[in-house]
Number of protein chains: 2
Amino acid sequence: MNKYTNKLDHFISQLNTDTQQDIMALPKQMVYEKGDFLLKEGTICKKSFVLESGIIRKFYLNEGKEITTEFYFKDDIALSFKSYISQEPSNEYLQVLEKTVVMVTDYDDVLKLQKTHPELIELELLFMQQYVIWLDERLFHFHTLDAKQKYQLLLNKTPHIIQNIPLNYIASYLGVSPETISRIRASK
Amino acid sequence: MNKYTNKLDHFISQLNTDTQQDIMALPKQMVYEKGDFLLKEGTICKKSFVLESGIIRKFYLNEGKEITTEFYFKDDIALSFKSYISQEPSNEYLQVLEKTVVMVTDYDDVLKLQKTHPELIELELLFMQQYVIWLDERLFHFHTLDAKQKYQLLLNKTPHIIQNIPLNYIASYLGVSPETISRIRASK
DNA sequence: CGACATATTGAGATCCATCAACCAATGTGG
DNA sequence: CCACATTGGTTGATGGATCTCAATATGTCG
């Protein structure tokens, strides 16, 4: 958990209290049920979702097949980067895998707040940096690890993914067939 | 070419001329020869390199093998992100593939300038956003394309890579063996 | 219970890596 | 200026990892 948010919390805690309160005033709590979509292909990602509980999955369609690209748990921030950044239609979906409580913040509200509090741009920069590091590492794994190694890495580094998410999605996330994952499990 | 810099140029052009001149005052021109290293593993990436001409390759070592992760051409900005962001020792190398002219800017100088010109933080944010989009796309390709498709994509989208860079490095960049690339070439 | 999603297992096909030999172009030192 | 080393690229044979397809559990929920 807490994939991105540690540095961000630290940054926020150093802002003056008025600014902090302005930030905290933006998000609204929402509750979604299993299967609900927070974002669909072709729609612009206008909101960010900070999870209070539950699980969200991000995926896109490639030749009719769902390719899972990310899972979000408590305290993670879910959004479709490219669409959020560019405010153009997304090619990704955000779907709730079980009952999930999120704090939703409007992109436009963030922009407005950045106008009056320019120091918040740095907050977005920090967030982006965290994401770059995460992406970079993930690419590294695709570059160097085989199916078994990728699975075991997940098992060690993020066991909550293995424990809470159907094998189907995990396989897709790792770029491997479900059967292969199943066989890796079986082999000790 | 111009992988990242289009939006950045636009942003810079909208700054007031004093600020623009402050930015332009930072970089110093340097010339490197084939084989030279701009960064080595274990060293902190304290500089960014904007290429005026030549080619740079970024790679890391994995079990003794070089894994190429990026090529830089004219107008690209070469640096090791993770190390540059965190100012911790890099696990990557930056190596010059042919005589290369770069404009070098010190990270500390950028930080100083950001203190006096906070609007430049947004410039860094834009840069980071471009990189996220690029990384995201690259990950997508590793997730969905086979060797042939990856090669043909490179051929279509960035022919200058194919034309100017040894097959060895291209293969590594695509996560494929050199032999496979060679066979793809031979098959029409 | 029946229906549907999820997971396992087997068999065959396929992609691609590896290893090895070989070739062509280039460069270097004697 | 030649002999030879070096670099970059090709080609062939083989094996292994993993995909695909299909059959069969196992589980869950109305």
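Residue numbers begin at 1 in each chain, while the letters A, B, ... track the order of the sequences.
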Legend entry - Minimum side-chain heavy-atom gap A:Arg185-A:Ile162 below 4.5 Å: yes

Legend entry - Per-nucleotide protein contact string for nucleotides 11-18 of chain C (B base, S sugar-phosphate only, - none; heavy atom under 4.0 Å): B----SSB

Legend entry - Pairing of A:Glu66 and A:Arg57 as salt bridge, 4.0 angstrom limit: yes

Legend entry - Under-4.0 Å salt bridge between A:Lys82 and B:Glu137: yes

Legend entry - Between D:dT26 (P) and A:Leu167 (CG): distance, integer Å: 16 Å

Inset, instruction - Round to the nearest Å and state the distance from B:Glu66 atom CD to D:dT7 atom C1'. - result: 14 Å

Legend entry - Distance, rounded to the nearest Å, where B:Asn164 contributes CG and D:dG9 contributes P: 12 Å

Inset, instruction - Please report the C-alpha distance between B:Thr43 and B:Ser90 in whole Å, then the side-chain angles of each, then the deciding distance to 0.1 Å, and finally whether the side-chain contact (heavy atoms from CB on, under 4.5 Å) criterion is met. - result: CA-CA 6 Å; B:Thr43 307; B:Ser90 173; 5.8 Å; no

Inset, instruction - Write down the distance between CD1 (A:Ile170) and P (C:dT8), rounded to a whole number of angstrom. - result: 10 Å

Inset, instruction - Let me know the distance between CZ of A:Arg185 and C1' of D:dA25, rounded to the nearest Å. - result: 16 Å

Inset, instruction - Give the rounded distance in Å between these two atoms: CD1 of B:Ile181 and C1' of D:dT11. - result: 15 Å

Inset, instruction - Anything under 30° is parallel, anything over 60° is perpendicular, the rest tilted; go ahead and classify B:Tyr131 against B:Phe81. - result: parallel

Inset, instruction - Can you tell me the distance, in whole Å, between the CG atom of A:Leu174 and the P atom of D:dT18? - result: 12 Å

Legend entry - Note, B:Tyr84 side chain near B:Val110 side chain (heavy atom, < 4.5 Å): yes

Legend entry - Distance in angstrom units between B:Lys34 NZ and C:dG27 P, rounded: 9 Å

